[in-house]
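Before any comments, here is the structure.
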Amino acid sequence: VTTPAFDFASVVRPDLPPAAVKFTGFPKYNFVGGHNDPDSLPAADLTAAVTAVMQREARNLAMYGMTSGPQGYLPLREFLVRKLKTHAGITCTTDDILITSGSLQGMDLINSMLIAPGDTAIIEQDNYGGTITKLQRCGARMVDIPLDHDGMRMDALANALADLKARGIKPKYIYTIPTIQNPTATIMPLERRLEMIRLTQAYGVPIFEDECYSDLVFDGRRPPAIKGLTDWGGVLHIGSFSKSVAPALRIGYIVAGWDALSRLIALKTDAGTPAIEQMVLAEFCNAHFDAHVKKLNVALKAKAETMVEALAEQFGTAAEFEVPRGGIFLWVKLPEQVDTMKLFQVAAKHGIAINPGPEWSLAPGRNKRQLRLCFAYPSKDVIRAGVAALAEVCHKEMGVPERIANVKR
Ligand SMILES: Cc1ncc(COP(=O)(O)O)c(C=O)c1O
């Protein structure tokens with residue numbers, strides 16, 4: 001007897017996202033995603049932390065949630081209470097924190113709590129692609145607000161809120177990445193944060209604040225988190241250890257009042273975020289977080305400078321960008337004739353991975369000539385060689401850059 005072939009294509013739900021493509025390894029010049037600097041990974045201190053916590057607390061792995069309950073490993077929440085106070089100006093207790101499997105899970109939980117199909121969310125116009133796809137999957141309508149050098153524009157937000165109100169629509173939240181925005185790397189100044197709080201209180205619309213990159217302000221100078229500027233309960237705050245320590249650990253957190261947190265905990269049906277990662281982070285962070293982040297920022301700033309130099313050398317005036325004050329990305333604008341969706345495909349054939357701008361926008365035609373380049377993962381040599389290779393491909397396919405340092409290509 002031959003077993004008949006079976007293909008799940010015949011039974012899957014009709015509303016699934018496009019199927020995944022198989023991972024075949026990283027390209028030679030990898031400028032995509034949110035990877036970190038491998039040379040800055042604190043391997044020895046993490047190794048010591050694993051040994052210490054396992055020797056001390058391995059018995060607790062016998063219980064779901066260890067002895068800390070569903071909100072996550074208590075010493076990690078205790079560390080976060082201190083860190084959020086000193087780094088972000090947020091006063092909270094361990095009861096206000098839910099540890100999540102990456103801040104991506106935090107986003108999923110918040111969307112599950114708030115967004116039903118047809119609901120409206122306000123987002124930033126150039127935006128983290130993951131936020132957009134998640135909201136699309138929830139069936140949300142999105143209203144996007146333009147940014148300037150200081151992040152989301154409050155005049156445009158005020159107009160959007162008034163316009164929605166006039167149409168009888170109450171948005172479920174305003175999503176913002178105020179401290180090192182993705183992809184623009186802007187930092188929203190204090191006055192604008194206060195204005196945002198004022199506006200959202202007036203309209204009774206919550207703020208969803210994503211502080212994924214806030215540890216990576218190169219000079220460490222940043223305004224308090226929005227959550228830290230008000231006692232108003234309408235601010236949901238998420239953060240992550242992905243950018244400050246390591247994305248593969250998959251540890252993030254939500255800070256919220258009990259009215260929201262009790263709902264989010266009920267929606268978190270995975271029976272707990274992996275324990276060893278939480279234990280190791282707590283052990284590591286208590287002893288080393290500040291020193292580690294300081295060192296990491298020095299390394300990232302140097303890589304950002306390398307990429308800035310490489311772009312200036314290879315693209316000349318054809319590449320426009322702001323030198324970032326933090327984070328891991330450059331948000332680059334190329335001349336009008338460049339279509340970064342096309343460039344992305346051709347560059348991939350040459351082993352160069354870039355994030356094309358349209359993926360960071362709602363409107364299909366927007367950000368056509370923008371691209372995002374992550375400088376954290378590649379070495380400085382790879383950054384230089386990769387940007388040169390990209391300039392070559394871009395010149396061949398799109399005719400730019402035409403000249404470099406007065407030399408016609
Ligand atoms: C703005 C923003 N939020 C959240 C995430 C998700 O991070 P995590 O690794 O904590 O899930 C990312 C990842 O790049 C991001 O850019």
Side-chain angles (χ1 to χ4, degrees), residues 41-88 90-113 210-212 214-215 225 227-228 233 235-293:
L41 192 103
D45 290 333
L46 286 174
T47 308
V50 176
T51 309
V53 290
M54 290 306 283
Q55 280 173 351
R56 202 177 59 225
E57 291 176 51
R59 282 175 59 82
N60 291 339
L61 295 175
M63 281 83 70
Y64 282 100
M66 300 160 279
T67 54
S68 293
Q71 282 178 246
Y73 185 57
L74 188 58
L76 184 59
R77 284 186 281 141
E78 285 165 350
F79 165 75
L80 279 169
V81 167
R82 290 192 295 278
K83 170 195 153 19
L84 288 164
K85 183 78 197 162
T86 51
H87 287 244
I90 296 174
T91 306
C92 65
T93 72
T94 53
D95 288 344
D96 305 318
I97 298 173
L98 172 63
I99 305 289
T100 54
S101 302
S103 54
L104 285 172
Q105 187 184 40
M107 285 176 136
D108 284 337
L109 294 174
I110 288 172
N111 284 340
S112 302
M113 175 173 78
D210 182 346
E211 284 238 309
C212 190
S214 62
D215 295 307
K227 178 93 188 143
V235 185
L236 300 166
H237 176 100
I238 63 169
S240 179
F241 288 97
S242 288
K243 316 300 167 178
S244 56
V245 183
L249 292 174
R250 309 306 307 127
I251 301 291
Y253 50 89
I254 303 176
V255 187
W258 187 247
D259 54 330
L261 215 60
S262 56
R263 301 297 185 149
L264 296 165
I265 295 166
L267 285 164
K268 190 174 184 299
T269 53
D270 61 0
T273 290
I276 296 178
E277 285 79 352
Q278 297 185 66
M279 293 157 81
V280 168
L281 267 178
E283 192 77 11
F284 167 81
C285 289
N286 270 319
H288 306 294
F289 185 84
D290 286 349
H292 162 69
V293 165

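Nothing fancy with the numbering, it's 1 onward along the sequence. Values reported hereafter were calculated over all heavy atoms of this structure, with side chains retained and with hydrogens, waters and symmetry mates removed.
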Would you say the side chain of [Y] lies within less than 4.5 Å of the side chain of [X], judging by non-hydrogen atoms?
X: Asp290; Y: Thr86; answer: no
X: Glu57; Y: Met66; answer: no
X: Arg77; Y: Ser68; answer: yes
X: Met107; Y: Ile238; answer: yes
X: Phe241; Y: Leu80; answer: yes
X: Asp270; Y: Gln105; answer: yes
X: Met54; Y: Val280; answer: no
X: Asp215; Y: Lys243; answer: no

Arg263 atom CZ, over 12 foreign heavy atoms within 6.0 Å: no
Does [X] use its side chain to pair, donor to acceptor, with the backbone of [Y] at less than 3.5 Å?
X: Glu283; Y: Val53; answer: no
X: Asn111; Y: Asp108; answer: no
X: His292; Y: Ala287; answer: no
X: Gln71; Y: Ile97; answer: yes
X: Ser240; Y: Cys212; answer: no

Drop me the distance from [X]'s [atom1] to [Y]'s [atom2], to the nearest 0.5 angstrom.
X: Leu104; Y: Leu109; atom1: CG; atom2: CG; value: 11.0 Å
X: Thr94; Y: Leu76; atom1: OG1; atom2: CG; value: 11.5 Å
X: Cys285; Y: Asp45; atom1: SG; atom2: CG; value: 11.0 Å
X: Met113; Y: Leu261; atom1: CE; atom2: CG; value: 9.0 Å
X: Asn286; Y: Lys83; atom1: CG; atom2: NZ; value: 12.5 Å
X: Leu46; Y: Leu249; atom1: CG; atom2: CG; value: 7.0 Å

Working for side-chain hydrogen bond (donor to acceptor under 3.5 Å, both in side chains), residues Lys268 and Ser101: CA-CA 10 Å; Lys268 190 174 184 299; Ser101 302; 4.5 Å; no
Closest heavy-atom pair and its distance - [X], [Y]:
X: Val255; Y: Leu84; answer: CG2-CD1, 3.6 Å
X: Ile251; Y: Pro274; answer: CD1-O, 4.2 Å
X: Leu236; Y: Ala260; answer: CD2-CB, 3.8 Å
X: Ile90; Y: Gly228; answer: CG1-N, 3.6 Å

Parallel, tilted or perpendicular, as decided by the 30° and 60° cut-offs, for the rings of His237 and Tyr253: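 The arrangement is parallel - the two ring planes meet at less than 30°.
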Pair Leu61-Met279, side-chain contact (heavy atoms from CB on, under 4.5 Å): steps then yes or no: CA-CA 10 Å; Leu61 295 175; Met279 293 157 81; 4.0 Å; yes
